[in-house]
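Lettering of chains follows the sequences in order, A, B, ..., and the numbering in each one begins at 1. When reading the values below, keep in mind they use all heavy atoms of this one structure, side chains included, and skip hydrogens, waters and symmetry mates.
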Protein chains: 2
Amino acid sequence: MPRATGTKRAILDATLELAATKGITGTTMDEVAERAGVAKGSLYYNFASKDRLFEELLQEGVGALADTLREARAGLHGRAALEALIRALLDRIASNTALAKLMAAEIFRTDRTWQKTLFALRHEALTVFAEAIAEAKPGSRDDGTCGLMASSVFGAVLLSGLEWLVFDPERHRDEVAAAILDSFSGGLLGD
Amino acid sequence: MPRATGTKRAILDATLELAATKGITGTTMDEVAERAGVAKGSLYYNFASKDRLFEELLQEGVGALADTLREARAGLHGRAALEALIRALLDRIASNTALAKLMAAEIFRTDRTWQKTLFALRHEALTVFAEAIAEAKPGSRDDGTCGLMASSVFGAVLLSGLEWLVFDPERHRDEVAAAILDSFSGGLLGD
DNA sequence: CGACCTATACTGACTGGTCAGTATAAAAAG
DNA sequence: CTTTTTATACTGACCAGTCAGTATAGGTCG
């Protein structure tokens, strides 16, 4: 095995960086190959197609995100769990901004071949939030309300996190976390 | 068989519908022409280029959104204003889902020719929220905190709105609005 | 050893097709 | 007679995917 190790990794890394700024359709396989320092043929040796390459990328990234969230919640209960989840998600967005951008751009597309895969992973991540919310709010309306509130919290963290990193990066992380937590603490609408 | 007026409108409408599902790069000018029931030449007679077409589309859409928000807030103060804004944004997302999807996909892209235009409009819309928040929270940390909380609220409404419309459309609007308002009312994290 | 084979990893020129944008001539509309 | 639109044909760049060939490592057999 010549340059065996690292090729797949290099391809995935290059793909993520390019896709975060140019989008998936706007990223070409030639660019990926060049950025990864690899011949175009290697892309197709390691991945069946452009679609599969992006499917694996999303699978890996969103899967890792769900794992991070599960770990962050482990052992905690009630409001402490939810607060830990919010901080963990914000940290993850900061340390993998490219993936966060990609998620924001792709999560509501319904015409992709990997739609099912991404949907399942997204659901997994949101469920961690929904469970924590169900626990933090005992007087819950049963059905899907916790799921809606989960996407509300998730959306708040994702958008303000990206707003911070893309348009106002000098700001300190703690300031951003404080603002998000503050907005859910009842100061805006609570009684 | 030309139509005197309405060509530009038909082109913009077709563009929005196609771009919402296929993305901007994935939408071709030939498709737009076909969907609009118009010759390709008319596209280039009315818009200088593909980029300009999308710039005008975004300009119109996000501009109208900002107007809607300003109207929703007019005359109201404090928490009532913020609640009205949340409801107005959710309604707007429901009545123009295509634009909401497009916004979610494009808002953090920094490689577009129209970047400046979209940034300014996005800022306009967020400012309406930030002003309402500054008013609702008199004990405010001065600087950009209100801006951060504004994007937090905006993100919550955008993501849960799209979650509802794309993945769970049978649900009633009021249920979604209630869940969002609930999540900001302090039930999750408040003291 | 060394001749031969096989499997895996990778290369880069090439192909077939797609798409933004252009050109043009003629018809409709005001 | 000017503006707008239509229909069609074309160009040139770009791009996903292919393929014949190269490189390296590890058997196996005499």
Specify the separation, in whole Å, of atom [atom1] of [X] and atom [atom2] of [N].
X     : N      : atom1 : atom2 : result
A:R52 : D:dA16 : CZ    : P     : 17 Å
A:L18 : D:dC15 : CG    : P     : 12 Å
A:K40 : D:dC19 : NZ    : C1'   : 13 Å
A:D30 : D:dA13 : CG    : C1'   : 13 Å
A:M29 : D:dC14 : CE    : C1'   : 15 Å
B:E31 : C:dC19 : CD    : P     : 7 Å

Show which side-chain atoms of residues 151-160 of chain A pair as donor or acceptor with protein atoms under 3.5 Å away, not counting sequence neighbours.
unit_1	atom_1	unit_2	atom_2	d
A:S151	OG	A:L148	O	3.0
A:S152	OG	B:S183	OG	3.1
A:S160	OG	A:A156	O	2.4

Gap between atom [atom2] of [Y] and atom [atom1] of [X] - 0.5 Å precision:
X      : Y      : atom1 : atom2 : answer
A:T113 : A:D51  : OG1   : CG    : 3.5 Å
B:Q59  : B:F54  : CD    : CZ    : 14.5 Å
A:T21  : B:R112 : OG1   : CZ    : 10.5 Å
A:M149 : B:F184 : CE    : CZ    : 11.0 Å

Using a strict threshold of under 4.0 Å (side-chain N to carboxylate O), is an ion pair present between B:E163 and A:R122? yes
Got a donor-acceptor contact below 3.5 angstrom from the B:N46 side chain to the B:S42 backbone? yes
Stepwise side-chain contact (heavy atoms from CB on, under 4.5 Å) test for A:F47 and A:L43: CA-CA 6 Å; A:F47 302 92; A:L43 264 50; 5.5 Å; no
Numerically ordered, the residues 42-51 of chain B set in heavy-atom contact under 4.0 Å with DNA chain D is B:S42, B:Y45, B:N46
Per the under-4.0 Å heavy-atom filter, residues of residues 19-28 of chain B near DNA chain C come out as B:T27, B:T28
